[in-house]
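Working notes for the structure below.
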Amino acid sequence: MYNYSAPDNLLKDRVILVTGAGDGIGKAAAKSYAQHGATIILLGKTIEKLELVYDEIEKNNGPQPAIYPMNLEGATGKDFEDMQVMLDKEFGRLDGILHNAALLGSLMPIAQYDMAHWGKVMQVNLNAPYMITRMCLSLLEKSDNASVIFTTDDVGIKGKAYWGAYGISKAAGDNMMQILADEMEVNTPIRFNSINPGKVATTMHAKAYPGIDPNTLPKAADIMNAYLYLMGTESKDINGQIINAQA
Ligand SMILES: NC(=O)c1ccc[n+]([C@@H]2O[C@H](COP(=O)([O-])OP(=O)(O)OC[C@H]3O[C@@H](n4cnc5c(N)ncnc54)[C@H](OP(=O)(O)O)[C@@H]3O)[C@@H](O)[C@H]2O)c1
């Protein structure tokens, strides 16, 4: 999969929602999906960043994307309902979701973790993917082959000291992905998997590992093969799996 070479038209006419599309891996994925033919709904917190991604997609002659500004931290059930209504009205279906937005939170012992901060990390990393997925199931069911991708991390796969709410949110996200994969395997066109990006030079990585030179790490654009593979129909029989984006 690391060497997967996606055909240019892999995602032609597909409609894909990418969360955290304004920066880092989400930005690279939004651009890469658009480059392969998809219409992207760019969901994120900072409008200026989303507008830059919008402009880059247009400049590269990708299908016209849509911007959906949303701060997942404060979003309520009504906000996700409104999003579903808009998506239904504008697009009528969804062929994919990349749950990518995340908060790193604090790296500290659980004994000292601030409870309010804990709630924010869980809201962005776990509750938001749950609510988005739940609200969008009816739209995903209208696709002939829909792919929902969660984003995990090594520290979600194996618990590690000081990773607190972030690590737990990732482990729970993978569990949610597996439950959905199991529940929807029969009689729906939707599959659910997680991607573990591995270490990538982004703002989040720099915050977590300030001592590591980002030039020694792959860039987000370098790990897109797995993201393309899992979103395209060539992976239609893969369901309930955790896939590494790097060897
Ligand atoms: N980089 C790595 O080495 C690495 C390793 C393992 C897993 N991951 C995972 O990969 C994914 C992408 O990470 P990244 O490294 O690209 O991080 P990043 O550069 O920090 O980007 C995170 C994105 O999430 C958005 N976001 C954060 N809080 C949000 C909120 N409240 N509402 C809406 N959007 C919000 C950010 O928007 P703003 O920019 O507007 O704040 C940004 O676009 C995450 O799920 C992360 O856990 C990354």
Side-chain angles (χ1 to χ4, degrees), residues 1-8 10-11 14 16-38 40 42-44 53 95-104 124-126 129 133 145-160 163 166-167 169-178 180-181 191-209 212-247:
M1 178 183 328
Y2 321 119
N3 299 323
Y4 173 66
S5 175
D8 289 349
L10 179 79
L11 301 173
R14 312 299 274 176
I16 298 170
L17 172 68
V18 177
T19 73
D23 211 340
I25 295 169
K27 175 180 180 174
K31 286 171 59 183
S32 183
Y33 289 161
Q35 198 65 47
H36 288 82
I40 308 297
L42 304 162
L43 188 152
V53 181
D95 300 300
I97 301 176
L98 174 62
H99 290 301
N100 164 84
L103 266 188
L104 179 64
V124 174
N125 298 8
L126 186 62
T133 305
N145 189 312
S147 176
V148 178
I149 305 174
F150 289 75
T151 307
T152 189
D153 192 305
D154 289 349
V155 297
I157 293 163
K158 169 129 183 28
K160 198 171 168 197
W163 282 83
Y166 175 87
S169 72
K170 292 295 180 183
D174 287 343
N175 197 275
M176 173 162 48
M177 173 280 286
Q178 287 161 346
L180 284 161
R191 65 209 144 87
F192 300 85
N193 296 284
S194 294
I195 281 190
N196 182 1
K199 296 189 186 316
V200 183
T202 65
T203 308
M204 181 184 287
H205 190 277
K207 198 173 159 206
Y209 300 96
I212 293 186
D213 176 359
N215 294 316
T216 61
L217 299 173
K219 298 191 182 356
D222 299 335
I223 62 155
M224 285 299 123
N225 288 347
Y227 283 78
L228 286 164
Y229 177 71
L230 263 194
M231 196 52 89
T233 50
E234 286 171 88
S235 61
K236 67 181 169 38
D237 296 327
I238 297 185
N239 191 32
Q241 303 299 309
I242 297 174
I243 305 291
N244 291 324
Q246 298 186 51

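Values below: all heavy atoms of this structure, side chains included; hydrogens, waters and symmetry mates excluded.
Here the side chain of N193 pairs a donor or acceptor atom with the backbone of I238 at under 3.5 angstrom. A donor-acceptor pair is defined here as one N or O able to donate and one able to accept, closer than 3.5 Å; no such pair exists between the side chain of R191 and the backbone of N145. Not a single donor-acceptor pair under 3.5 Å links the side chain of N125 to the backbone N or O of K170. Panel note: side chain D174, backbone A171; no donor-acceptor pair is recorded below 3.5 Å. Not a single donor-acceptor pair under 3.5 Å links the side chain of T19 to the backbone N or O of L43. At distances below 3.5 Å, at least one donor-acceptor pair connects side-chain atoms of N225 with backbone N or O atoms of Y2.
For the residue pair L126 and S169, the shortest heavy atom distance occurs at CD1-O, 3.9 Å. Of all heavy-atom pairs between L11 and M231, the closest is CD2-O, 3.8 Å. For the residue pair Q246 and P218, the shortest heavy atom distance occurs at OE1-CG, 3.2 Å. The two residues K199 and Y209 have their closest heavy-atom pair at NZ-OH, 3.5 Å.
Exactly one of L180, N100, N175 qualifies for a side-chain contact (heavy atoms from CB on, under 4.5 Å) with F150. That residue is L180. The residue from T152, D154, T151 that alone fulfils the side-chain hydrogen bond (donor to acceptor under 3.5 Å, both in side chains) condition with N196 is D154.
More than 12 heavy atoms of other shown residues, nucleotides or ligands fall within 6.0 angstrom of atom CG in D213.
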Please set out all donor-acceptor pairs under 3.5 angstrom arising from side-chain atoms of residues 21-37, sequence neighbours excluded.
| from | atom 1 | to | atom 2 | distance (Å) |
| --- | --- | --- | --- | --- |
| D23 | OD2 | K49 | NZ | 2.9 |
| K31 | NZ | E56 | OE1 | 2.5 |
| Y33 | OH | Y227 | O | 2.8 |
| H36 | ND1 | S32 | O | 2.8 |

